[in-house]
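Here is the naming used below: chain letters follow the sequence lines, and residue numbers restart at 1 for every chain. From a predicted model like this one, the values you see are computed outputs, not experimental measurements.
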Amino acid sequence: MLISLSAWAEDNSQATETAKVAAAQPPDWAMNANTYLIAFIVIVLLVTILALFRSSLKLIKKITSFCIVMFISGSAFAAETTESKEVAKVTAAQPPDWALHPNTYLIAFIVLILLATIIVLYKTNMKLIKMIAPHAFDDEKQTAVEGAVSGVKNRETFMRKVYLRLVDSVPVAKEQDILLDHDYDGIQELDNNLPPWWKWGFYITIIAAVVYMLAYHVTGTGKLQAEEYADELAVAAKQKEERMKNSAENITEENVTVLVDAAEIAKGKDIYEKNCSACHMADGGGMVGPNLTDNYWLHGGGVKNIFKTITYGVPAKGMISWQAQLSPKQIQEVTSFIMTLHGTKPAAPKEPQGDEWKEDATATAGDTTAVASAEAAVK
Amino acid sequence: MTIEKFRYDNKIVAMFAWATIIWGIVGMLVGLLAAFQLPFPVLNFDAHTTFGRIRPLHTNAIIFAFVGNGMFMGIYYSLQRLLKARMYSDLLSYIHFWGWQLIIVGAAITLPLGITASKEYAELEWPLDIAIAIVWVIFGINMFGTMMRRRERHLYVAIWFYVATVVTVAVLHIVNSLAIPVTLFKSYSLYAGVQDALVQWWYGHNAVAFFLTTPYLGLMYYFLPKAANRPVYSYRLSIIHFWSLIFLYIWAGPHHLLYTALPDWAQSLGVVFSIMLLAPSWGGMINGLLTLRGAWDRVRDNPELKFYVVAVTAYGMATFEGPMLSLKSVNAISHFTDWTIAHVHIGALGWNGFLTFGILYWLIPKLFNTNLYSKKLAGIHFWLGTLGIVFYAIPLYWAGITQHFMWKEFTEDGVLRYPNFLETVVQVIPMYKLRALGGSLYLLGSLVMVYNLIKTVRAGKMVANEEAEAPALEKNYVAHDDHWHRWIERRPVQMLIGSLIVILIGGMVEIIPTFMVKSNVPTIASVKPYTPLELQGRDIYVREGCYTCHSQMVRPFRYETERYGEYSKPGEFVYDHPFQWGSKRTGPDLHREGGKYPDSWHYNHMLDPQTMSPGSIMPSYAFMIDDDLDTSTTAAKIRAMQKLGVPYPDGYDAHANKDLMKQANSIASNLEKDGIKVMGNKEIVAIIAYLQRLGVDIKAEKTTASVN
């Protein structure tokens, strides 16, 4: 069971990696993680159905138990996958001081709990197997009993002692001693002690709760959401600074140029189709947004103005800002593509809007729009 | 000691059993429709069957019709036997039964009509809310009347859970449903924004606790030892886990609102109480599973025991997962994704569903004095159900985690890798298909059960009134208690008051300061009430159940603020009766939607979402373009809002419609500029007005500040 569990978990983590890859290079179904997941699940289904029909009644029961275990482990591993991803993120973000990061301890804590759960679930599973095949563990029981009788101290009996300590339950054979005189429509009650593992678990969660409240609301050790967010922004700002330093050509609306390379224009076309065509139509004829093929521009034509309009948007007119979604390079690409649309004949061109643009009119038009949009925003 | 003869009322149990089965199948069918609508939007047939209206119908049907009737079935059977008494009043039993079924029919009619309060699992409008309260109180009276006439001195643990259920559900339902009626079918929540959200999720979380959990734990404590014929593992564990469970559960509501505009202290309380809830929840699971000690071999032959084992295991899984999901770093992943949907279905399909099926397989033959028609078919049902759960849950866990990581991924250039939300939806659509397959398997299993039970019933004859006898309680009872808790077990009223006090503490500590202490919701000067047109548009948004797929809560994460804009502040929601934060993002967040796109974009998008967002799975709302906006309610709505403290000028109701038409005409002329001809009096204009208003007030604040 455990082998199948770990094999399965591995399978999944691999598939997740494939998901990342697939995301980077989209359409190919063979690269898509979902394909594998579906295939995997379908195979599981087929195998189980086949087994169901081919096997005897006893076997069906065995598979039933297996299925329950799969089911249990399924959700356990789903949680686990998440945690392992979290670990990856944390260590990737700031490798040297991972030891200082509170998440590390949280994750360690969760992993511990998960391990404990898996053990508990494994035990439950063993119970299930016992219920299905009561004689499966006769040998083991025999040795355990013999060990206890002869007083042989090996590792197994030690583990068993710990186990019995943690469970602290009166064996079924002796339960008459702790049977209460309660009788409700034939239902009786035993007076077993609270299972120590459960009781201590409860205490630990209570202590954890107190520590949590102290850390977040008294000592201020834990960061609340506003502070976490500020930190996140600071990290991003620093990364941006680094990027700016390293990138030789830092594209802005001041220095942007028209690209002519066919491959780069193609990239721009791809960006256009994904993001712009809904409003400006695939052929640039305009619908919700203005026509991009004519000589008239609402916020100024030419590479610099178009770049600027795409980057910052003109919220008052419904043009959204794309700087959070597209990099300056991508905006340059899509700008260059848009400029290739000029003079083409769209299927249903929208009437001209804005002023006629002449290439030498330069920056002034752009400035007025910026001022106008700022004013509109204030209003 | 005189032996008294009496008769158990089995007929009412059988009636609730039929209702459980019928509504269960209906609820699952509606759920299946919703599941198929996600990958196949063409299944949103018309205005009444869009996902936004179907999803609340599904949740209400499963919770209140399927599980509700299942709970009553089990309680009416077990209560009589545990107390050695017939139900207090047959009349009350039948009023309870028919009242409850009428409410369900009312829900099935009103929800597809878009009559909704839009608070999750409390969508029903105020007349139905009042009916629920009345029927619930009748149920309570019937239950306590039976206790007063009991022939059993002590109340068994199952009954403690029933008592806690009756008391707490009444409190939750009444407090959360308080509203100002506008018309017969429309009301505004008494609370706004942050406070409304807190009350709603205090309710929502505890609907899970006290409607889906405590009554079913009670049922488990009766039906599991009965079927296994084994003594309950530990009486002391019952006591400890009962009281700690009901005390701790009530606090945990805010874990539904982590990283939102809810004050930090309330969020933290939600986290820590959820962590502490793990042991009490597992107390129920281990007491159930350990009761099967020495009886595991019987699981082989008893279909009901098989179902119980999976039900209790699913309960243990869901209650382990719950506290984990309440940790903020995990919740950041699961919230708004399908992970949550997978989680609740482990509970609903596994715990509630399987426990109900197990009870039915045991109970129906008993009621009809015969044997189950086919154990083999029950085995097949068990199989289909278990596979159904696996196929339902795993794809959704996968989808949730995938989508989260797509939402938050940045490129090396520091921009979002998937800026178009739709890409992250398209990625998980195959998972939605698999989920629908899982749901189909589960439903198929249930149909096998229906056949099996019909065959069983045909073979037997109902024992409508079952003869029983028991000695009357002695007048001069001398207690010789083996445990201090026996004292309260002899006193139903003290039990009721005790549980009431225990469950009130958590709610009061969280809710009262959020209402009374001003710093919890700092006001923002630029946040103004909605205009009459926007208010009408907002009510359309509520009517269509937009909140079932769109949140209005930008969380303070860089990947959210980059995608949507500034994160949501508590002061922005002060006029939101009810709040519309949502709990799931099948589509993008809308809190900063205002001004993002031109009016014509919204017009085209509502007409046919695929034109503006190719591949979108949102249904078309073309009917809004044809339907006239009902402006006859504007004045009443303004007056209701004024009663709730929204600062419209005195007498504004009289000329609100004039302002409404003015704004509507300006939007219509704006649309005309983009070549769209639409009259100002259509619903589409109102919804556009509302969408364009969303989240813009705070932008005004910022600009003014920077200009100054």
Side-chain angles (χ1 to χ4, degrees), chain A residues 19 34 37-38 41 61 67-68 71-72 74-75 78-79 82 86 103 106 117 127 130-131 134 172 179-180 184-185 187-192 194-195 198 201-202 205-206 208-209 212-213 216-217 224-226 229 232-233 236 239-240 243 274 278-279 288 315 318 320 324-327 377-378, chain B residues 81-82 156 225-226 231-237 240 259 264-265 268 272 275-276 278-279 286 293-294 296-297 299-300 310 313 317 320-321 324 329 333 346 386 389-390 394 397-398 401-402 413-416 419-420 430 434 482 556 558 562 595-598 600-601 604 612-613 674 703 707:
Chain A
N34 288 338
L37 179 70
I38 293 167
I41 293 180
K61 304 269 158 103
C67 187
I68 294 168
F71 174 33
I72 294 164
S75 94
T82 323
E86 281 275 291
N103 274 356
L106 178 69
T117 325
K127 284 251 188 260
K130 269 184 207 166
M131 117 206 158
V172 177
L179 195 64
L180 295 167
Y184 303 98
D185 196 31
I187 299 173
Q188 293 181 293
E189 291 180 295
L190 296 172
D191 197 23
N192 268 305
L194 301 178
W198 177 85
F202 197 0
T205 60
I206 293 169
Y212 187 102
M213 288 311 282
Y216 281 92
H217 296 279
L224 293 171
Q225 59 188 35
Y229 179 60
E232 208 185 353
L233 289 191
Q239 282 169 351
K240 193 176 178 187
R243 260 198 318 277
K274 270 193 192 146
C279 290
V288 169
I320 70 171
Q325 312 196 7
L326 300 173
S327 67
V378 172
Chain B
R81 282 151 183 87
L82 289 170
Y156 175 56
K226 267 297 207 190
V232 172
Y233 176 74
S234 170
Y235 168 63
R236 270 178 283 163
L237 184 56
I240 302 292
Y259 285 116
D264 284 311
W265 62 267
S268 296
V272 299
I275 296 170
M276 288 190 282
L278 177 55
I286 56 185
R293 281 192 323 162
W296 286 99
D297 55 317
V299 178
R300 189 169 13 195
V310 171
T313 314
M317 285 165 49
F320 171 74
E321 196 184 6
M324 294 302 117
S329 52
I333 301 169
I346 295 288
T386 308
I389 298 172
V390 174
I394 291 176
Y397 283 121
W398 190 280
I401 292 167
T402 304
D413 295 328
V415 297
L416 291 166
N420 186 353
L434 273 179
D482 47 13
R558 178 170 160 243
E562 285 290 317
K596 210 171 225 175
Y597 301 104
S600 50
W601 186 93
N604 289 320
M612 291 289 98
S613 311
D674 285 337
T703 349
V707 167

**Message:** Is A:Leu179 close to chain B through its backbone or its side chain, or both, or neither, when contacts mean heavy atoms under 4.5 Å?
**Reply:** side chain
**Request:** Can you tell which part of A:Ile206 gets under 4.5 Å to a heavy atom of chain B, answering side chain, backbone, both or neither?
**Result:** both
**Request:** Please answer whether the main-chain N or O of B:Arg558 pairs with a side-chain N or O of A:Glu232 as donor and acceptor at a distance below 3.5 Å.
**Result:** yes
Can you see which heavy atom on [X] is nearest to which on [Y], and at what distance?
X	Y	result
B:Tyr233	A:Leu190	O-CB, 3.0 Å
A:Cys279	B:Trp601	SG-CD1, 3.2 Å
B:Ser234	A:Asn192	OG-O, 2.8 Å

**Message:** Could you go through A:Ile187 and B:Val232, starting from their C-alpha distance and side-chain angles, then the distance that decides it, and tell me whether this counts as side-chain contact (heavy atoms from CB on, under 4.5 Å)?
**Reply:** CA-CA 7 Å; A:Ile187 299 173; B:Val232 172; 3.9 Å; yes
**Message:** If you count heavy-atom pairs within less than 4.5 Å of chain B, which of A:Asp191, A:Leu326, A:Leu194, A:Leu233 leads?
**Reply:** A:Asp191
**Asked** Taking every heavy-atom pair that is under 4.5 Å apart, which of A:Lys240, A:Gln225, A:Met213, A:His217 has the most such pairs with chain B?
**Response** A:Gln225
**Request:** Just do the side-chain contact (heavy atoms from CB on, under 4.5 Å) check on B:Tyr597 and A:Val288 with the steps written out, would you?
**Result:** CA-CA 9 Å; B:Tyr597 301 104; A:Val288 169; over 6 Å; no
**Message:** Would you compute the distance between atom OG1 of A:Thr205 and atom CG of B:Leu278 and round it to the nearest 0.5 angstrom?
**Reply:** 7.0 Å
**Asked** Quick one: CZ on B:Arg236 to CG on A:Leu180, what's the gap to the nearest 0.5 Å?
**Response** 8.5 Å
**Complete:** Scored by heavy-atom pairs under 4.5 Å with chain A, the best of B:Ile286, B:Asn604, B:Asp264, B:Ile240 is B:Asp264
**Item:** Largest heavy-atom contact set with chain A, pairs under 4.5 Å, which of B:Gly294, B:Ser613, B:Ser268
**Value:** B:Ser268
